[in-house]
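Presented below is the structure to which this report refers.
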Amino acid sequence: MAAQIAASVAPCDAPDSEDEAVEDLFGFDFNGIVVCDDSEEESDGDCAPHVPKRRVGAEIPRVDAASLAPGEFLERFSRRNAPVVLYNCEGVPTHLTADWWREHHGDREVPLDVNTGGAVKAPLRDFLAGTLRTRYLRNLHLGDWFPGAADDVGLPPVMGENLLADEEKVRGCPRTWRTWLELFICFEDCAGFPFLHRDICHTHAYSLQIQGSKEFTLFPPDDARYLYVNAQAGFSGNRSAVDVRDPDVAKKFPLFQLAARSTVTIGPGDALFVPDGWWHTARCVSEAPSVTLGGNYVDASNYDAFSDAFADYLAVKALGSVGASFLN
């Protein structure tokens, strides 16, 4: 069997780091490679690690948006990098239901499961009729796909000012980032968002729930060490290799059990705040289709971190352009 939990059987020297403590405790390193004691006999010929009990993260609070004074959201949640669900939230466009999208944009052909190997296209009307219930309509920028559909929709006023909209404070920003708002629609049969991730350039994220119920799974930034980031070829530093809904996830990714998982369900009229660096994924958990508008933004709490990350983003983009010119 695998190396036992040393701390439970005998005194040991203090580890030099938290990472070493975890390796000593569970018998495997941070690449998921099992560290076996050669002197121990293996009953099945394999070295199976001890699988720790799954950690449970903090409960995501629900707060009446109407109870927050101007500027209070920034101090209580943004600056503390603390997720929260706001109800009675002004600015959630609850009229933009599946029926509204069918009536106004039903003939528009839309991509489903974008950025995956199985992407397909279909008229929005057909998708909403339920003929492709396992598919996911996601990440469609409203300004590109449905111009004028929600010009008056954006960051809820209670969340404060979106500095991405300020061309003086954020120069060189892609046009779609200025009014970052995307459409997400999925059914209960859909597996959900295809990967656990954190959002780009240290931006905050928000989700406005219009119809149906959506369950979010979140992990704090410091738990990235347990999420197998970049564990598979082609994944960027913002994606995890872990499928949080895989029943065998503990066997495939033992360290994932050490990540503090928080789950929260939002319904019509709710707004979920996902702060900078928080890992998240989501799925529909209602018979009705889940219709959500999601966006990203920058405020005073993450402006410095965003500015540094965005400068790196522009540098990499420019370097890619230079490389492409040599190939032409």
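- Looking only at distances, no side-chain donor or acceptor of Tyr87 sits under 3.5 Å from a matching main-chain atom of Gly267.
- The two residues Thr263 and Thr217 come nearest to each other via the heavy atoms CG2-OG1, 3.8 Å.
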Margin query: Pair Leu86, Val158 - check side-chain contact (heavy atoms from CB on, under 4.5 Å), show working.
Written below: CA-CA 9 Å; Leu86 301 177; Val158 69; 3.6 Å; yes
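- The ring pair (Phe, Tyr, Trp, His ring centres under 6.0 Å) search around Tyr136 returns none, not counting sequence neighbours.
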Next item on the list: Tell me, with the steps shown, if Tyr226 and Phe219 meet side-chain contact (heavy atoms from CB on, under 4.5 Å).
Entry: CA-CA 10 Å; Tyr226 308 132; Phe219 300 89; over 6 Å; no
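- Contacts classified as salt bridge (Lys or Arg N to Asp or Glu O under 4.0 Å) and involving residues 268-294 (residues at least two apart or in different chains) are given here: Arg62-Asp270, Glu215-Arg283.
- Tested against Trp101, the residues Trp145, Phe184, Phe146 include a single ring pair (Phe, Tyr, Trp, His ring centres under 6.0 Å) partner, Phe146.
- Across every non-hydrogen atom of Arg55 and Ala260, the tightest pair is NH2-CB, 3.6 Å.
- Val244 is not connected to Val285 by any chain of hydrophobic side-chain contacts under 4.5 Å among Ile, Leu, Val, Met, Phe, Trp and Tyr, and they are in different clusters.
- Annotation: side chain of Phe310 is not in contact with side chain of Ser307 (no heavy-atom distance under 4.5 Å).
- At least one side-chain heavy atom of Leu218 sits less than 4.5 Å from a side-chain heavy atom of Val274.
- Within a 6.0 Å radius of CD in Glu72, other residues, nucleotides and ligands contribute more than 12 heavy atoms.
- Listed for the Asn302 side chain is a donor-acceptor partner under 3.5 Å among the backbone atoms of Asp299.
- Atom OG of Ser207 is separated from atom CG of Leu293 by 9.0 Å, given to the nearest 0.5 angstrom.
- A single hydrophobic cluster is seen to contain both Leu208 and Leu96, as judged by linkage of ILVMFWY side chains at heavy-atom distances under 4.5 Å, directly or through other members.
- Looking at every heavy atom in both residues, Pro61 comes nearest to Pro83 through CD-O, 3.5 Å.
- In this pair, His197 and Phe195 present their aromatic rings perpendicular. The plane angle is above 60°, beyond the 30 to 60° band.
- Placement of Val85 and Leu68 in two distinct hydrophobic clusters is found when ILVMFWY residues are connected by side-chain heavy-atom separations under 4.5 Å, directly or transitively.
- The shortest non-hydrogen separation linking Tyr313 to Pro174 is OH-CG, 4.3 Å.
- Looking at Arg80 and Ser301, their side chains never come closer than 4.5 Å, going by heavy atoms from C-beta outward.
- The salt bridge (Lys or Arg N to Asp or Glu O under 4.0 Å) contacts involving residues 179-198 comprise Arg133-Asp189, where partners must be two or more places apart or lie in separate chains.
- Cys173 SG to Leu163 CG: the interatomic distance, rounded to the nearest 0.5 Å, is 11.0 Å.
- The backbone N or O of Asp126 lies less than 3.5 Å from a partner atom in the side chain of Thr131, making a donor-acceptor pair.
- By the side-chain contact (heavy atoms from CB on, under 4.5 Å) test, Pro268 is found to be paired with no residue, residues two or more places apart in sequence or in another chain being considered.
- Across Gly160 and Leu155, no two heavy atoms sit closer than the pair O-CD2, 3.3 Å.
- Leu258 and Trp279 end up in the same hydrophobic cluster when Ile, Leu, Val, Met, Phe, Trp and Tyr side chains are linked at under 4.5 Å.
- Inter-residue side-chain proximity for Phe253 and Asp248 is flagged as unmet; no heavy-atom pair is nearer than 4.5 Å.
- At a threshold of 4.5 Å between non-hydrogen side-chain atoms, the residues Cys190 and Thr134 do not count as touching.
- For the atom pair OG (Ser240) and CG (Asp223), the distance works out to 11.5 Å, reported to the nearest 0.5 Å.
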Margin query: Run Lys214 and Thr292 through side-chain contact (heavy atoms from CB on, under 4.5 Å) and show every step you take.
Written below: CA-CA 9 Å; Lys214 201 169 191 178; Thr292 313; 3.4 Å; yes
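- Counting heavy atoms from C-beta outward, Val291 and Leu183 have side chains that approach closer than 4.5 Å.
- No donor-acceptor pair under 3.5 Å is formed between the side chain of Trp278 and the backbone N or O of Ala205.
- A donor-acceptor pair under 3.5 Å is formed between the side chain of Gln211 and the backbone N or O of Ala98.
- Within the 4.5 Å cutoff, the side chain of Pro123 has no heavy atoms near those of the Asp107 side chain.
- With rounding to the nearest 0.5 Å, the separation of CG in Leu164 from SG in Cys201 is 9.5 Å.
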Next item on the list: Quick one: do Phe193 and Phe216 satisfy ring-ring contact (aromatic ring centres under 6.0 Å, His included)? Show the steps, please.
Entry: CA-CA 10 Å; Phe193 202 87; Phe216 282 79; 9.5 Å; no
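- Among residue pairs with one or both ends in residues 154-175, those qualifying as side-chain hydrogen bond (donor to acceptor under 3.5 Å, both in side chains) are Asp144-Arg175, Glu168-Arg171; sequence neighbours excluded.
- Applying the salt bridge (Lys or Arg N to Asp or Glu O under 4.0 Å) rule to pairs touching residues 92-106 yields Asp99-Arg102, sequence neighbours excluded.
- The backbone N or O of Asp113 lies less than 3.5 Å from no partner atom in the side chain of Arg135, so there is not a single donor-acceptor pair.
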Item checked: Leu255/Tyr228 under side-chain contact (heavy atoms from CB on, under 4.5 Å): CA gap, chis, key distance, verdict -> CA-CA 8 Å; Leu255 285 177; Tyr228 296 83; 3.4 Å; yes
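- Residues Ser290 and Gln209 approach most closely at OG-NE2, 3.1 Å, considering heavy atoms.
- Relative ring orientation between Tyr206 and Tyr297 is described as perpendicular, the plane-to-plane angle rising above 60° on a 0-90° scale split at 30° and 60°.
- Hydrophobic clustering (ILVMFWY, side-chain heavy atoms < 4.5 Å, transitive): Leu142 and Ile210 are in one cluster.
- A distance-only check finds a donor-acceptor pair linking the side chain of Ser286 to the backbone of Ser213 [under 3.5 Å].
- Here Leu196 contributes atom CG and Leu227 contributes atom CG; the two are 5.5 Å apart, rounded to the nearest 0.5 Å.
- Classification of the Trp100-His105 ring pair by plane angle, with boundaries at 30° and 60°, yields tilted.
- The shortest side-chain heavy-atom distance between Phe187 and Cys284 does not fall under the 4.5 Å cut-off.
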Check: For Tyr303 and Phe306, what are the C-alpha separation, side-chain angles and deciding distance, and is it a ring-ring contact (aromatic ring centres under 6.0 Å, His included)?
Finding: CA-CA 5 Å; Tyr303 177 74; Phe306 167 80; 7.2 Å; no
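- Rounding to the nearest 0.5 angstrom, the gap separating the CG atom in Leu181 from the CG atom in Leu140 is 11.5 Å.
- Not one N or O on the side chain of His204 forms a donor-acceptor pair closer than 3.5 Å with the backbone of Ser78.
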